[in-house]
Number of protein chains: 2
Amino acid sequence: MEPENKGIKGSQLKNMIIKRLYFNKAMSCAGLSDLFDKSIPSIAKAVNELMHEGFVVEHGYAPSSGGRRPLMYSVKANAMYILAVALDQLTARIQLFDLQNSPVADMLTFELKLLNNANALTILTNQINSYIKDSGIAKGKIAGIGIGMPGFINVTEGINYTYLDANGSLTAYLTEHTGITTYIDNDSSLIALAEQKFGIAKAQTEVMVINLGWGIGLGMIVNGKLFRGHTGFAGELSHIPLSEDGSLCECGKRGCLEAEASMLVVAQKAIEGIKQGRITSLKHNTNDHSKLMGDALLDAANNGDQFAIELLSDAGYKIGKALAILIHIMNPATIVLSGRGAKVAKILMAPIQQALHKYCIPRLSKGTELLVSELGFDAELIGAAVLVMENFDKSVKAKVSKATKTIA
Amino acid sequence: MEPENKGIKGSQLKNMIIKRLYFNKAMSCAGLSDLFDKSIPSIAKAVNELMHEGFVVEHGYAPSSGGRRPLMYSVKANAMYILAVALDQLTARIQLFDLQNSPVADMLTFELKLLNNANALTILTNQINSYIKDSGIAKGKIAGIGIGMPGFINVTEGINYTYLDANGSLTAYLTEHTGITTYIDNDSSLIALAEQKFGIAKAQTEVMVINLGWGIGLGMIVNGKLFRGHTGFAGELSHIPLSEDGSLCECGKRGCLEAEASMLVVAQKAIEGIKQGRITSLKHNTNDHSKLMGDALLDAANNGDQFAIELLSDAGYKIGKALAILIHIMNPATIVLSGRGAKVAKILMAPIQQALHKYCIPRLSKGTELLVSELGFDAELIGAAVLVMENFDKSVKAKVSKATKTIA
DNA sequence: AATACTTTATTTATATTTTTATAAACTTTA
DNA sequence: TAAAGTTTATAAAAATATAAATAAAGTATT
């Protein structure tokens with residue numbers, strides 16, 4: 001075997017330490033020893049090597065807990081970088097982060113229609129490559145590319161069955177055409193990941209994150225890890241049968257949550273209401289599409305427009321009924337309202353709670369805390385970065401970097 | 001430190017091997033090496049020690065897969081025993097198994113009313129102790145006691161908040177008063193465990209098991225492990241809001257699945273039907289309680305009684321609607337119909353499938369297989385035994401046994 | 001039938017990891 | 001304020017696990 005391969009097993013622990021320090025800010029050798037169930041000398045050796053290799057720096061002494069103060073270590077922010085990409089049906093965002101999740105280049109936003117757009121993948125690839133070039137960061141310094149996007153995604157194969165057809169594995173295509181290991185996942189899943197690692201649900205192990213967008217998504221954290229189900233379609237909250245009647249959904253059924261309470265549907269109801277002469281501060285030009293109205297509606301509600309609030313309350317109550325079902329089945333510690341609609345979460349809160357009181361056994365609703373995202377619109381980008389680091393201990397990145405380091 | 005403690009870490013691997021061989025029948029050193037990510041010499045050493053200690057025996061050669069045939073090892077059936085206990089509200093079952101899940105003593109069944117019965121715990125403890133004594137098996141040879149029971153259970157503390165108040169930890173009480181480490185869990189959870197380890201859902205990682213009994217329970221296997229939720233109440237399928245109206249449930253709400261489709265409710269509907277003169281082979285004496293009627297109804301349905309089948313079909317459709325919701329959220333590989341009602345599962349199957357077609361997105365229902373338990377009424381007892389062995393690698397049992405062995 | 005290739009098992013030498021002992025730095029108790 | 005107890009860190013010795021080499025027992029190929 002080549003000498004390069006000899007170190008894989010040994011560098012495994014080092015990758016695990018880097019990953020942990022990315023998530024945990026700072027830790028002591030003793031803490032890492034407990035966490036990984038390895039002896040302190042083993043940890044100390046790995047940490048010292050990582051310091052010489054430039055991945056880890058000392059981070060001062062933590063307060064004593066009754067004995068000698070532990071020397072803390074943290075990851076060196078500029079040792080590596082992470083490229084995060086967030087896509088929705090119309091828009092793409094690209095942002096480069098360092099290992100402390102600080103942006104190291106301006107965010108790039110551009111229009112990218114995913115549906116029926118054969119050029120979308122080429123455009124995205126070019127934009128990523130030129131963004132990296134403009135940033136001045138060497139590709140070898142980028143730990144990976146994480147991409148969040150709508151659609152039905154096979155994470156292990158790296159395929160999105162709905163958008164961005166790469167004639168096989170999308171991640172393989174992007175890895176090849178950028179030279180950087182790429183990971184993809186569902187947008188709602190990444191938002192959940194962000195909330196659990198760096199957001200309002202930090203360190204919780206049972207978290208349900210509602211992605212209130214044009215649709216209604218659900219990201220599930222079970223046992224501290226993203227849960228995707230057997231074929232990757234878990235969390236289809238938006239199409240459970242909520243009521244027998246109700247308007248017809250895109251999926252062909254009646255009574256779906258998405259057909260009753262998504263921001264898009266609420267916007268359409270607003271347009272109808274205006275046509276029927278409802279008193280509201282909202283205006284509607286016939287050539288506006290629903291998404292523009294949606295954004296306007298959220299702002300109007302926050303500014304106290306009664307009609308907008310009424311529409312949102314109605315949606316909130318239905319969302320609450322769905323959450324009651326979710327609580328009964330999953331018994332989560334936390335439900336987080338996140339995504340685009342998070343900015344009207346305070347208005348939604350009251351009707352949601354009302355529905356929970358009506359439809360939940362108290363013993364169950366008592367065990368779940370309902371929270372509003374603080375990451376807001378950044379959640380998906382941060383989740384995309386987290387996705388890269390979640391896979392870091394399985395990749396051989398650190399080994400490669402180390403190899404170049406030791407030669408240099 | 002005492003010399004006894006020195007071996008704990010080393011015997012960890014041996015306990016893991018015993019546990020694996022309990023679940024897997026027979027494995028080779030190479031297979032165990034792959035599984036535990038340990039070198040073959042390490043595994044071989046541990047296996048040889050376990051053979052000398054009497055826990056493991058050779059199990060012949062497996063067919064070649066293109067090279068030297070592997071020598072298989074299996075656990076020695078009579079090296080240890082497991083005591084399984086299954087309780088419902090009225091009846092207790094006790095059964096002693098060997099390490100191949102074969103009964104080594106006759107099953108003991110006795111009446112044990114759990115509700116408002118201050119003596120229940122004492123009676124159970126005495127029955128367990130005398131059962132073991134009668135079996136002639138030394139207590140030191142029993143790896144543990146596993147108990148499945150209804151109620152709201154804190155597994156880690158070993159407390160059942162509903163029944164068998166032990167003024168603290170029920171498992172601690174029983175461990176002390178029997179001298180054998182005791183574990184408890186919810187009946188539906190144990191049925192799920194049994195189905196996943198030794199039943200129709202063997203080796204599946206995403207399994208939902210419906211416990212069709214007097215109530216409707218749900219045992220969830222997520223990521224290959226029992227899922228209990230944040231406060232242990234996950235899987236409350238029976239009280240999700242299914243319909244706006246519907247009969248009033250014990251829980252105080254309307255439209256609960258349990259109030260519409262549990263075997264107890266179906267039996268009550270049968271009694272009402274008979275009173276109203278419905279044509280049926282079923283008879284009803286006014287002093288019969290619903291549970292007797294329930295058993296009779298299941299048999300009548302299996303014998304072709306139209307009225308019984310009609311009632312069950314009605315229940316099946318409602319169960320199907322609930323399963324549709326479950327599939328949307330969990331996207332399981334398998335749903336198993338188990339418990340007392342499993343014997344009419346074939347009758348339930350058609351209306352359940354019908355409801356799934358109506359309420360499920362095809363993409364989701366396609367990914368889930370609906371199966372009927374083959375373990376039937378034995379599932380809970382086997383699950384109780386599995387519970388003991390699931391905890392085996394965390395216990396120090398094997399070390400103790402080994403110690404006594406090496407002295408002898 | 002002979003050769004090449006696989007997979008499994010065993011032995012030995014090497015590498016790694018953990019224990020143990022010692023020291024350092026700090027808190028708590030007497 | 002001194003003594004005792006904690007927690008963390010480091011350096012040596014001891015234990016342990018692994019990799020490499022070799023052997024054994026089979027299948028597949030020519």
Side-chain angles (χ1 to χ4, degrees), chain A residues 1-17 20-21 24 26-52 56-74 398-399 402 406, chain B residues 1-17 20-21 24-52 56-74 399 402 406:
Chain A
M1 282 186 202
E2 296 94 316
E4 281 89 354
N5 289 340
K6 285 195 72 176
I8 290 183
K9 189 103 192 193
S11 73
Q12 181 79 12
L13 177 62
K14 289 202 249 178
N15 285 15
M16 288 164 72
I17 291 173
R20 186 48 44 190
L21 292 178
N24 277 38
M27 289 192 80
S28 67
C29 284
L32 289 165
S33 167
D34 275 3
L35 190 67
F36 294 134
D37 206 28
K38 293 268 164 190
S39 70
I40 291 181
S42 299
I43 298 290
K45 188 189 161 207
V47 168
N48 276 316
E49 285 179 27
L50 284 170
M51 290 206 354
H52 284 114
V56 164
V57 289
E58 292 185 356
H59 195 256
Y61 288 93
S64 165
S65 63
R68 176 170 172 170
R69 292 181 308 176
L71 180 53
M72 307 301 278
Y73 299 90
S74 66
K399 185 201 56 155
K402 190 187 61 188
T406 35
Chain B
M1 284 189 203
E2 296 95 317
E4 280 88 356
N5 288 343
K6 286 194 68 177
I8 291 183
K9 188 103 193 194
S11 73
Q12 180 80 11
L13 177 62
K14 289 203 249 178
N15 285 15
M16 288 163 72
I17 291 172
R20 186 49 44 191
L21 292 179
N24 278 37
K25 226 185 174 75
M27 288 193 79
S28 68
C29 285
L32 289 164
S33 167
D34 275 3
L35 191 68
F36 294 134
D37 207 28
K38 293 270 163 188
S39 69
I40 291 181
S42 299
I43 298 289
K45 187 188 161 208
V47 167
N48 276 317
E49 284 179 27
L50 285 170
M51 291 211 347
H52 284 114
V56 165
V57 289
E58 292 185 354
H59 194 258
Y61 289 92
S64 164
S65 64
R68 177 172 171 168
R69 292 181 308 175
L71 180 53
M72 308 300 280
Y73 299 91
S74 66
K399 185 201 55 156
K402 190 185 61 189
T406 36

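Below, chains carry the letters A, B, ... as their sequence lines are ordered, and counting in each starts from 1.
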>> Is there a side chain to side chain contact (heavy atoms under 4.5 Å, CB included) between B:H59 and B:K25? Walk through the geometry before answering.
In response: CA-CA 9 Å; B:H59 194 258; B:K25 226 185 174 75; 5.5 Å; no
> What integer distance in Å separates B:E58:CD from C:dT8:C1'?
Replying inline: 14 Å
>> If you apply the rule side chain to side chain contact (heavy atoms under 4.5 Å, CB included), what do you find for B:R20 with B:M16, and how did you get there?
In response: CA-CA 6 Å; B:R20 186 49 44 191; B:M16 288 163 72; over 6 Å; no
> In Å, rounded to the nearest 0.5 Å, how long is the span from CD1 of B:I40 to OG of B:S28?
Replying inline: 8.0 Å
> In whole Å, what is the span from the CE atom of A:M27 to the P atom of D:dT8?
Replying inline: 11 Å
>> Using a heavy-atom cut-off of 4.0 Å across all strands, would you classify A:K38 as base, sugar-phosphate, or nothing?
In response: sugar-phosphate
> Between atom CZ in A:R68 and atom P in C:dC26, what is the gap in whole Å?
Replying inline: 8 Å
>> Testing the basics here: between A:V47 and A:C29, what is the closest heavy-atom pair and its distance to 0.1 Å?
In response: CG2-SG, 4.3 Å
> For the side chain of A:C29, counting heavy atoms from C-beta on, which of C:dT8, D:dA9, C:dT19 is nearest?
Replying inline: D:dA9
>> Quick check: on DNA chain D, is the nucleotide nearest A:P41 upstream (toward 5') of the one nearest B:K45, or the reverse? Name the residue that is more 5'.
In response: A:P41
>> In whole Å, I'd like the distance from the CG atom of A:D37 to the C1' atom of C:dT17.
In response: 12 Å
>> Could you tell me how far apart A:L71 (CG) and D:dT8 (P) are, to the nearest whole angstrom?
In response: 12 Å
> For A:K38, does its backbone N or O pair with a side-chain atom of A:S33 as donor and acceptor, under 3.5 Å?
Replying inline: yes
> Can you tell me if the side-chain N/O atoms of B:R69 get under 4.0 Å from OP1 or OP2 in D:dG26?
Replying inline: yes
>> So for the helix from C:dA1-D:dT30 to C:dA30-D:dT1, with five pairs setting each end axis, what is the inter-axis angle to 10°?
In response: 20°
>> Looking only at the side chain of A:S39 (C-beta and beyond, no hydrogens), which of the listed nucleotides C:dA9, C:dT19, D:dT8 gets closest?
In response: C:dT19
>> Without decimals, in angstroms, what is the distance between A:D34 CG and D:dT7 P?
In response: 11 Å
>> Using whole Å, what does the distance between atom C1' of nucleotide C:dT7 and atom CE of B:M72 come to?
In response: 13 Å
> Should A:Y73 and A:M27 be marked as a side chain to side chain contact (heavy atoms under 4.5 Å, CB included) after you check the CA-CA gap, both sets of side-chain angles, and the distance that decides it?
Replying inline: CA-CA 5 Å; A:Y73 299 90; A:M27 289 192 80; over 6 Å; no
> Counting any heavy atom closer than 4.0 Å, what does B:S65 reach on the DNA or RNA strands: base, sugar-phosphate only, or nothing?
Replying inline: sugar-phosphate
> How long is the line joining CG of A:L35 and P of D:dT8, in whole Å?
Replying inline: 14 Å
> Between A:G67 and B:N48, who's closer to the 5' end of DNA chain C by nearest nucleotide?
Replying inline: B:N48
> How is A:P70 classified with respect to the nucleic acid when contacts are heavy atoms under 4.0 Å: base, sugar-phosphate, or nothing?
Replying inline: sugar-phosphate
> If every non-hydrogen atom of B:F36 is compared with every non-hydrogen atom of B:L13, which pair is closest and at what distance?
Replying inline: CD1-CD1, 4.1 Å
> Want to settle it: does B:Y73 or A:I43 sit nearer the 5' end of DNA chain C, counting the closest nucleotide to each?
Replying inline: B:Y73
>> At 4.0 Å (heavy atoms only), tell me whether B:I40 reaches a base, stays on the sugar-phosphate, or touches nothing.
In response: base
> If you look at every strand shown and take non-hydrogen atoms under 4.0 Å, does B:S64 touch a base, only sugar-phosphate, or nothing?
Replying inline: sugar-phosphate
>> Nearest 0.5 angstrom please: B:D37 CG to B:S42 OG, how far?
In response: 11.0 Å
